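See structure below.
Remember, it's 1-based here, ligands and their atoms both numbered in the order they're listed. From a predicted model like this one, the values you see are computed outputs, not experimental measurements.
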Amino acid sequence: MSNRVAVVTGGSRGIGYATALALCKAGYDIVLASPAIEKNKEVAEAIRSCSGAARTVNLDLSRHESIKEAFETIYKTMRRVDILVNNAGITRDGLSMRMKPEDWDLVLRINLTGAFQAAQQVLPAMLKERWGRIINIASVVGETGNPGQTNYAASKAGLIGLTKALAQEVASRNITVNAITPGFIDTDMTAKLSDDVKQRMLAGIPMKRFGTPGDVAAAVKFLASEEAGYITGHVLKINGGMYM
Ligand code: NAD
C-alpha cells in the first residue's frame, strides 16, 4: 500500500506545522491546506526534507467553494485522504455587548462550519475504504468558556459536539473521530496576548509552563495511528492541568 495521506488544515505555522512535521516523520504523506497568502511552499519544502511527500493546496475555510476545490485537487493529486486534521482556527475576541456580527460569523464559519465541511469532503472515500481518522483541534475554552471569547468558545464547544455526533455515525466503518483541547500553547495565536495576561494564565497552570506545538502534535500522531483504533469520540485535554 502507498503511504497514508494526512491533510492538515492551517498547516503553515504553529500547531498545524508541528503536526504536519510529526506526521511526516511518522511516514505519512502530507497535504498542507492553508490560505494562499501563507508561505505554504516554503513550509512544504521544510517538511519534505524530513522524508515523505509534502504538497500544498490553497484553502480558505470561510468559503464552501474553496473547500470543495481544495479537496478535489487533493484527491486528484494524492488519490486518497486517510487522516484529516481540522487544525485551522482564528480568534476575533471582544466582549459580547460590542461584538460585531461579522466577527461572530467569521469565527463560527472558519472554526466550526469549515471543519464540518472539510470532514464532509473526506467521508465518502473513508467510508468506502473502511478506514479513517478525523482529528479536530478544539480548545480548553470550548470546555470552560472565557470572557471576551463567546464566538471562539461557541465554535470550539460546537466542534466537540460535532466530534461526538460524527464519531457515532461512522464508528461501524472503522473511522475514528476525536477532539483535542489544547490549553495555552505558545504560537502566533497567543503571542499577541499581553505579558500581564500571560502571567495570569501561567498562574493557573499547575505545570507552570505553556504548552508547545509539539505537545499537541504528539497527541495527533497517536490518534492518527493504527494503535489508537479503538478510541473514538474522545476529547483529549492537553493543558498542563489548567482544566481537569
Ligand atoms: P495560528 O494562528 O498560529 O495558526 C492558525 C492556522 O490557521 C494558520 O495556518 C492559518 O493559515 C490557518 N487559517 C486561518 N484562517 C484560515 C482560513 N480561512 N482557511 C484555512 N486556514 C486558515 O494558530 P495555532 O495556535 O497554531 O492554532 C491552531 C489551532 O489550535 C486553532 O484551531 C486554534 O484555535 C487551536 N488552539 C490553539 C491554542 C493556542 O494556545 N495556541 C489553544 C487552543 C486551541
Side-chain angles (χ1 to χ4, degrees), residues 7-22 30-44 47 56-71 74 84-93 103 105-118 121 135-146 149 151-160 162-163 179-193 197-198 201-202 204-205 209-217 219-220 235-240 242-243:
V7 176
V8 183
T9 69
S12 59
R13 59 172 197 255
I15 293 171
Y17 175 63
T19 297
L21 207 55
I30 306 297
V31 181
L32 298 169
S34 297
I37 51 162
E38 298 282 342
K39 294 190 168 93
N40 285 338
K41 290 251 151 38
E42 287 94 314
V43 174
I47 289 179
T56 65
V57 65
N58 293 333
L59 169 71
D60 177 2
L61 284 164
S62 70
R63 296 188 303 112
H64 187 234
E65 258 324 290
S66 168
I67 297 172
K68 267 178 58 187
E69 278 167 24
F71 281 91
I74 292 169
L84 170 66
V85 185
N86 271 321
N87 161 77
I90 62 159
T91 52
R92 289 286 184 280
D93 298 350
D103 285 343
D105 286 344
L106 191 65
V107 169
L108 268 291
R109 190 133 36 91
I110 291 175
N111 296 8
L112 180 58
T113 310
F116 175 64
Q117 291 177 345
Q121 297 296 315
I135 300 156
N136 297 318
I137 309 298
S139 167
V140 64
V141 164
E143 301 172 300
T144 62
N146 195 27
Q149 291 198 308
N151 50 358
Y152 184 74
S155 73
K156 296 301 189 179
L159 205 47
I160 292 171
L162 182 165
T163 299
I180 290 176
T181 52
F184 191 110
I185 309 295
D186 220 345
T187 68
D188 289 355
M189 185 176 267
T190 43
K192 49 192 171 197
L193 298 175
V197 171
K198 286 186 190 166
M201 304 230 20
L202 206 51
I205 302 172
R209 70 167 177 91
F210 297 136
T212 66
D215 289 328
V216 181
V220 175
V235 181
L236 180 57
K237 296 179 177 67
I238 304 184
N239 64 23
M242 74 184 273
Y243 173 69

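Using a 4.0 Å cut-off between heavy atoms, Pro213 makes no contact with ligand 1 at all. With a 4.0 Å heavy-atom cut-off, ligand 1 is reached by the backbone of Ile15 and by its side chain too. Contacts between Tyr17 and ligand 1, counted as non-hydrogen atom pairs separated by less than 4.0 Å, are absent for every part of the residue.
Ligand 1 has a nitrogen or oxygen under 3.5 angstrom from a nitrogen or oxygen of Asp60. Among the atoms of Asn87, some N or O lies under 3.5 angstrom from an N or O of ligand 1. The shortest N or O to N or O distance between Gly10 and ligand 1 is below 3.5 Å. Looking at ligand 1, you won't find any N or O of Pro182 less than 3.5 Å from one of its N or O atoms. At a 3.5 angstrom cut-off on N or O pairs, Leu61 counts as close to ligand 1. Considering backbone and side-chain atoms alike, Ile185 places an N or O below 3.5 Å from some N or O of ligand 1.
Of all atoms in ligand 1, numbered sequentially from 1 with element shown, those under 4.0 Å from a heavy atom of Ala88 are 7 (O), 12 (C), 13 (N), 21 (N), 22 (C), 32 (O). Heavy-atom contacts of Ile137 reach the following atoms of ligand 1: 29 (C), 30 (O), 32 (O), 35 (C) (cutoff under 4.0 Å). Annotation for ligand 1: atoms under 4.0 Å from non-hydrogen atoms of Ile110 are 18 (N). Taking every heavy atom of Pro35 and a limit of under 4.0 angstrom, the matching atoms of ligand 1 come to 11 (O), 16 (C), 17 (C), 19 (N), 20 (C), 21 (N), 22 (C). Close approach of ligand 1 to Ile90 is summarised as follows: ligand atoms under 4.0 Å from at least one heavy atom of the residue are 14 (C), 15 (N). Atoms of ligand 1 lying under 4.0 Å from any heavy atom of Phe184, numbered from 1 in the order shown and given with element: 40 (O). Of all atoms in ligand 1, numbered sequentially from 1 with element shown, those under 4.0 Å from a heavy atom of Gly14 are 26 (O).
Here the CG-CD1 distance, from Asn86 to Ile135, works out to 10.0 Å after rounding to the nearest 0.5 Å. Within the model, atoms CG of Leu112 and CD of Gln117 stand 9.5 Å from one another, a figure rounded to the nearest 0.5 Å. Lys156 NZ to Ile137 CD1: the interatomic distance, rounded to the nearest 0.5 Å, is 8.0 Å. Once rounded to the nearest 0.5 Å, the distance linking CG of Asn239 with CD1 of Ile205 reads 8.0 Å.
No side-chain donor-acceptor contact under 3.5 Å links Asp60 and Ser66.
Ligand 1 is never approached by Thr9 to a heavy-atom distance shorter than 4.0 Å. Under a 4.0 angstrom heavy-atom cut-off, Gly183 registers as being in contact with ligand 1.
Under the 4.5 Å side-chain criterion, counting only non-hydrogen atoms from C-beta, Tyr17 is in contact with Ile47. Counting heavy atoms from C-beta on, the side chains of Ile238 and Ile180 come closer than 4.5 Å.
Every residue meeting the side chain to side chain contact (heavy atoms under 4.5 Å, CB included) condition with Thr163, not counting sequence neighbours, appears here in chain and number order: Asn136, Val177, Ala179.
Comparing Val140, Leu59, Thr187 by heavy-atom distance to atom 25 (O) of ligand 1, the nearest is Thr187.
With respect to Asp93 and Lys192, no salt bridge is recorded, no charged nitrogen being found less than 4.0 Å from a carboxylate O.
Atom CZ of Phe116 is surrounded by 12 or fewer heavy atoms from other residues, nucleotides or ligands within 6.0 Å.
A side-chain donor-acceptor contact under 3.5 Å links Thr9 to the backbone of Asn87. Under a 3.5 Å cut-off, the side chain of Asn111 and the backbone N or O of Tyr152 do not form any donor-acceptor pair.
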